[in-house]
Student: 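If you scroll down you'll find the structure; I have some questions about it.
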Number of protein chains: 2
Amino acid sequence: MDVKTARTESLPPRYRLTKQRAAVLRALEKGQHLSAETILERVRGDMPGVSLGTIYRTLDILRMSGLVQMFAFGGSAARYEAAADKHHHLLCSICRELTDVRGDVVGELATAIATDAGYSDIDVALTITGRCTDCATRR
Amino acid sequence: MDVKTARTESLPPRYRLTKQRAAVLRALEKGQHLSAETILERVRGDMPGVSLGTIYRTLDILRMSGLVQMFAFGGSAARYEAAADKHHHLLCSICRELTDVRGDVVGELATAIATDAGYSDIDVALTITGRCTDCATRR
DNA sequence: CTCTCTGCAAAGCATTTGCACATTG
DNA sequence: CAATGTGCAAATGCTTTGCAGAGAG
């Protein structure tokens, strides 16, 4: 395999911090548990013309970079938060209101459990997410 | 307001344990973290002709009765489990495989926190769900 | 005979994707 | 220019719903 081929093959993309992405990040830092739709509205404040597709694509990237945490619910839209100040949530099963829970006792415990199970890069969102031993080995 | 009117107004429905519902429950007791689609397949084993709509409607009822727990993920289909033997999950962020976590230390802690915050009917799925003080008061 | 349930098919939403063009390095 | 990002609109996929008929109490 020559150099040229290798180059064409599979380099990971180098992400750019575009103004749209910065705006999404800013919106997330200000607001709390925002939906994609809400983020769109806020971003459009300074930047009309941004599309929902871009919001979703951006959230994806930020999520994979560990900068943003996502909370999915059945039926309704997912919510996103800046991963900076980690905390958990109480979700009312009736009015669906989200309340923040500060302090990470739960997170620490959950992290310990996930670690024991061989996971790494753990992200405690209450569904314990991470990388499993297999996937960690395979790369 | 006379008796007739009251009767017509808002009695909660009395659910029946139909064969379809029993079948869904059975499927859930055997399998682990099943999607609605998978449940449909299994139920159709003994009972061809059952529809996906019925599966969802049944899952809804079972969920509200506390017999079934739901786990939602962004994008992909939600998973359901019999609420009987409570446990949590590890979700691999790459291969998306779900692994069970036995033991409910996390759950107990989370429950305590939710209780302190005034929630009741708590269901720890890792997103702490319950009824908030307002909703509990209002009815 | 009334209430509840079901299948079917048609909506409804949230999210993803294809494409042509804009932008960045 | 080569790589990456964007808007737009169409497509996808999961879930919900309306309706008319079936079944249970």
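Atom set for the values below is all heavy atoms of this structure, side chains included, hydrogens, waters and symmetry mates excluded. Predicted, not measured: the structure shown is a model, and the values here were computed from it. Numbers restart at 1 for each chain; the letters A, B, ... are given by sequence-line order, proteins then strands.
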Student: On a plain distance test, is the side chain of Arg57(B) in donor-acceptor contact with the base of dG18(D) below 3.5 Å?
Tutor: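 Indeed there is one.
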Student: Of all the nucleotides listed (dT15(C), dT16(D), dT4(C)), which has the minimum atom distance to the side chain of Asp60(B)?
Tutor: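 For Asp60(B), the side-chain atoms sit closest to dT16(D).
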Student: Whether Arg14(A) contacts dT4(D) is assessed here as follows: a side-chain N or O lying under 4.0 Å from the phosphate OP1 or OP2. Is that the case?
Tutor: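 Checking Arg14(A) against dT4(D): at least one side-chain N or O falls below 4.0 Å of OP1 or OP2.
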Student: Which residues within residues 20-30 of chain B lie with some heavy atom under 4.0 Å of an atom in DNA chain D?
Tutor: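 Residues of residues 20-30 of chain B under 4.0 Å from DNA chain D: none.
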Student: For the hydrophobic clusters of this structure (ILVMFWY residues joined by side-chain heavy atoms under 4.5 Å, transitively), does one cluster hold both Met70(A) and Tyr15(A)?
Tutor: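 Shared cluster, no.
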Student: For Ile55(A) and dA14(C), what is the distance between atoms CD1 and C1' respectively, to the nearest whole Å?
Tutor: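 Between C1' of dA14(C) and CD1 of Ile55(A): 14 Å.
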Student: If I take atom OH in residue Tyr15(B) and atom C1' in nucleotide dG23(D), what distance separates them, rounded to the nearest angstrom?
Tutor: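 So the OH-C1' distance, Tyr15(B) to dG23(D), works out to 18 Å.
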Student: Without placing hydrogens or testing angles, list every side-chain donor-acceptor pair under 3.5 Å for residues 23-30 of chain B, not counting sequence neighbours.
Tutor:
none

Student: What's the CD1-C1' distance between Ile61(B) and dT6(C), to the nearest Å?
Tutor: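 From Ile61(B) CD1 to dT6(C) C1': 11 Å.
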Student: Roughly, in whole Å, what's the span from CG in Leu40(B) to C1' in dT6(C)?
Tutor: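 Distance, rounded to whole Å: 13 Å.
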Student: In whole angstroms, how far is the P atom of dT16(D) from the CE atom of Met64(B)?
Tutor: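 Value for this atom pair: 11 Å.
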Student: Show every salt bridge (Lys or Arg N to Asp or Glu O under 4.0 Å) that has at least one partner inside residues 64-76 of chain A, sequence neighbours left out.
Tutor: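 Output for this query is empty, none listed.
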Student: Side chains of residues 35-49 of chain A: which donor-acceptor partners sit under 3.5 Å, not counting sequence neighbours?
Tutor:
from	atom 1	to	atom 2	distance (Å)
Ser35(A)	OG	Thr38(A)	N	3.2
Ser35(A)	OG	Thr38(A)	OG1	2.8
Arg44(A)	NE	Val50(A)	O	2.8
Arg44(A)	NH2	Val50(A)	O	2.7

Student: Checking Arg21(A) side chain against Arg16(A) main chain: does a donor-acceptor pair fall under 3.5 Å?
Tutor: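 At least one qualifying donor-acceptor pair exists.
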Student: Specify the separation, in whole Å, of atom CD of Glu37(B) and atom C1' of dG13(D).
Tutor: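 The distance from CD of Glu37(B) to C1' of dG13(D) comes to 10 Å, rounded to the nearest Å.
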Student: What is the distance from CG of Leu59(B) to P of dT6(C), rounded to the nearest Å?
Tutor: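 Atom CG in Leu59(B) sits about 12 Å away from atom P in dT6(C).
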Student: Got a sec? Which of residues 46-54 of chain A come in under 4.0 Å of DNA chain D, heavy atoms?
Tutor: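 Output list: Gly49(A), Val50(A), Ser51(A), Thr54(A).
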Student: May I have the distance from Leu62(B) (atom CG) to dC5(C) (atom P), rounded to whole angstrom?
Tutor: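 That distance rounds to 12 Å.
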Student: Would you mind telling me which of dT4(D), dA14(C), dT15(D) lies closest to the side-chain atoms of Tyr56(A)?
Tutor: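 Taking heavy atoms from C-beta onward, the closest nucleotide is dA14(C).
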Student: Is any side-chain heavy atom of Leu34(A) closer than 4.5 Å to one of Tyr80(A)?
Tutor: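 In short, these two side chains do not touch, never coming nearer than 4.5 Å.
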Student: Quick check: do Glu81(A) and Phe71(A) have side-chain heavy atoms less than 4.5 Å from each other?
Tutor: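 Glu81(A) reaches Phe71(A) side chain to side chain.
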Student: Give every donor-acceptor pair under 3.5 Å between a side-chain atom in residues 54-62 of chain B and any protein atom, sequence neighbours left out.
Tutor:
from	atom 1	to	atom 2	distance (Å)
Thr54(B)	OG1	Ser51(B)	OG	3.2
Thr58(B)	OG1	Thr54(B)	O	2.8
Asp60(B)	OD1	Arg63(B)	NH2	2.9

Student: What does the list of N/O pairs under 3.5 Å between the protein and nucleotides 20-25 of chain C look like, with a distance for each?
Tutor:
from	atom 1	to	atom 2	distance (Å)
dT24(C)	O2	Arg16(A)	NH2	3.3

Student: For DNA chain D, produce a single dot-bracket line, 5' to 3'. Pairs: Watson-Crick or G-U wobble, both distances under 3.5 Å. Symbols: ( ) within strand, [ ] crossing, | other strand, . unpaired.
Tutor: |||||||||||||||||||||||||
